[in-house]
Amino acid sequence: MAVPAALKKISATIWELPVSYKAGMLVPARIIADERLINAMDAGVFEQAANVACLPGIQKYSYCMPDGHWGYGFPIGGVAAIDPATGVISPGGIGFDINCGMRLVLTNLVEEEVRPRLRELVDALFQRVPAGVGSHGFVKLSHDEFCRVAEMGSRWCLKHGYGWPEDLELTEEGGCFAGADATKVSQRAIERGYNQIGTLGSGNHYLEIQVARPENIFDGETARTFGITRPNQVVIMFHCGSRGFGHQIATDYLQRFLAVMTSKYGITMHDRELACAPFRSPEGQDYFAAMKCAVNMAFANRQVILHRIREVFSDLFHRDPDDLGMGMVYDVAHNTAKLETHLVDGKRRQLLVHRKGATRSFGPGQEGIPERYRETGQPVIIGGSMETGSYLLAGEPGGTDTFFTTAHGSGRTMSRHQAKRMVKGQKLQRDMEERGIYVRTASWGGLAEEAGFAYKDIDAVAEATELAGLSRRVARLRPIGNVKG
DNA sequence: ATGTTC
């Protein structure tokens, strides 16, 4: 795949399309990648990153992270920091799966203790954490109570016994974006979401048992601060979002924005998938308040799933979850828009930072990260493919260039359809088991779509973020068991 | 990603 001729190399990890690349660009578009990743980059990324650079109010650069690929409007991996006073909010810059995110949980068990019980463990998790399209959770809620979940996020879970107080401290924004307003959410969204708390979903959503091998620790001191203290320690990583609830909110507001964008606000974009409305408009503010409901629902979803995981481990190992050391490392979103203060040309300014398949990555000493991580920087959780592994990173001071944002995962290299043509789910499961990874799935086709060969090299992505100064590698985590949505 | 084309 050829890169555009106009693409300029700024440094070993920064590539830029100037404003002359496309009519209407207000700022240049920058892609973070090493030479190999940029040459393999999905061509759609260049066009989409340039389109994003046309959004009213965008500051400095439109960014795409090294795991970037073609998405709806924005690339997956896209970042846009927009002036809230003069600029827009765009659902395509957040994604359909609002607050899709990652949670990493510790245990004090080691691989040697878990291996003999692995099948039992994964089977129990598969049974107790509902997965797959249309799955329903065990938490039974009225529509009214669900609206409270949407406004309170993880705080609702604590109040109802699904979690530990420190879980909130170890979740981005304490597990609740302030200002969520359920009256801005359609009945249809509530209808789709109210029975989905505590469910994994489908696609690339998963729950994984992983091992931190000594040879895969890059930064031992930070690993210890993050709770990884023993050789071959077992951890649990999972990836999911706001299910049908967030999807419906995104769908509702995309339609509403399209109806007013040009006629009422005089905004035209290259791509109707970049539907947007002025942030300070009634439409923009309504979407912002509704989006926060989906953000909070997703935090609550992951919180209830954690509760279930602790129950499963406790039942199987006949010890209390706290005795098993099942505290969180962190929970971090990768599909949101948030008002944050950043330095722009030496001035502190409030910006609306859209991150779509991109992770907030605050550096050491910054406000907004847990006290215990003040010196190390924020934990960043990057999910790789279920065959290859994942990364725990830490935020770095160099993140200032990307509004403290880093990658979120491997990024697909081929379509789901293409992957499914190359391998059957049943065969993949057998192959993986031979290699020591026991996987259960709600869908054979869905499993095939997630084959390792359909994803970029996670090692290259993590390394590129480190070379770019956005985040540093702390530990590479190897999967041994996987529940696939 | 998604009651996978209300």
side-chain N/O A:S202 vs B:dT2 OP1/OP2, d < 4.0 Å: yes

Test ring pair (Phe, Tyr, Trp, His ring centres under 6.0 Å) applied to A:F238 - qualifying residues, sequence neighbours left out: none

Pairing of A:E387 and A:R435 as salt bridge, 4.0 angstrom limit: yes

Would you mind classifying the nucleic acid contact of A:G95 as base, sugar-phosphate or nothing, using non-hydrogen atoms under 4.0 angstrom? nothing

Could you check whether A:R416 gets within reach of a base, just the sugar-phosphate, or nothing at all, counting any heavy atom under 4.0 Å? sugar-phosphate

Once you apply a heavy-atom cut-off of 4.0 Å, does A:Q196 come out as touching a base, just sugar-phosphate, or nothing? sugar-phosphate

Position toward the 5' end of DNA chain B (nearest nucleotide), A:R188 or A:R192: A:R192

Taking the side chain of A:V133 as its heavy atoms from C-beta onward, which of B:dT4, B:dT2, B:dC6 lies nearest to it? B:dT4

Can a donor-acceptor pair be found between the side chains of A:D97 and A:H247 at a distance below 3.5 Å? no

Do any side-chain nitrogens or oxygens of A:R243 fall under 4.0 Å of OP1 or OP2 in B:dT2? yes

Can you tell me the distance, in whole Å, between the CH2 atom of A:W444 and the P atom of B:dT4? 22 Å

Between atom CD in A:Q255 and atom P in B:dT5, what is the gap in whole Å? 15 Å

Spacing between A:Y194 atom OH and B:dG3 atom P, to the nearest angstrom: 14 Å

Which heavy-atom pair separates A:K356 from A:N335 by the least distance, and what is that distance? C-OD1, 3.8 Å

Give one of base, sugar-phosphate or nothing for A:G241, where a contact means two heavy atoms less than 4.0 Å apart. nothing

Taking side chain to side chain donor-acceptor pair (under 3.5 Å) as the test, write out the residues that go with A:D271, two or more places apart. none

Atom-to-atom span, CG of A:L200 to C1' of B:dT4 - whole angstrom: 17 Å

Atom pair distance, as rounded to whole Å: CG in A:N335 and C1' in B:dT2: 13 Å

Atom CD1 of A:I76 to atom C1' of B:dT2: distance rounded to whole Å? 13 Å

Report the distance from atom NE2 of A:H136 to atom P of B:dT2, rounded to the nearest whole Å. 13 Å

Provide, to the nearest angstrom, the distance between the CD1 atom belonging to A:I94 and the P atom belonging to B:dT2. 17 Å

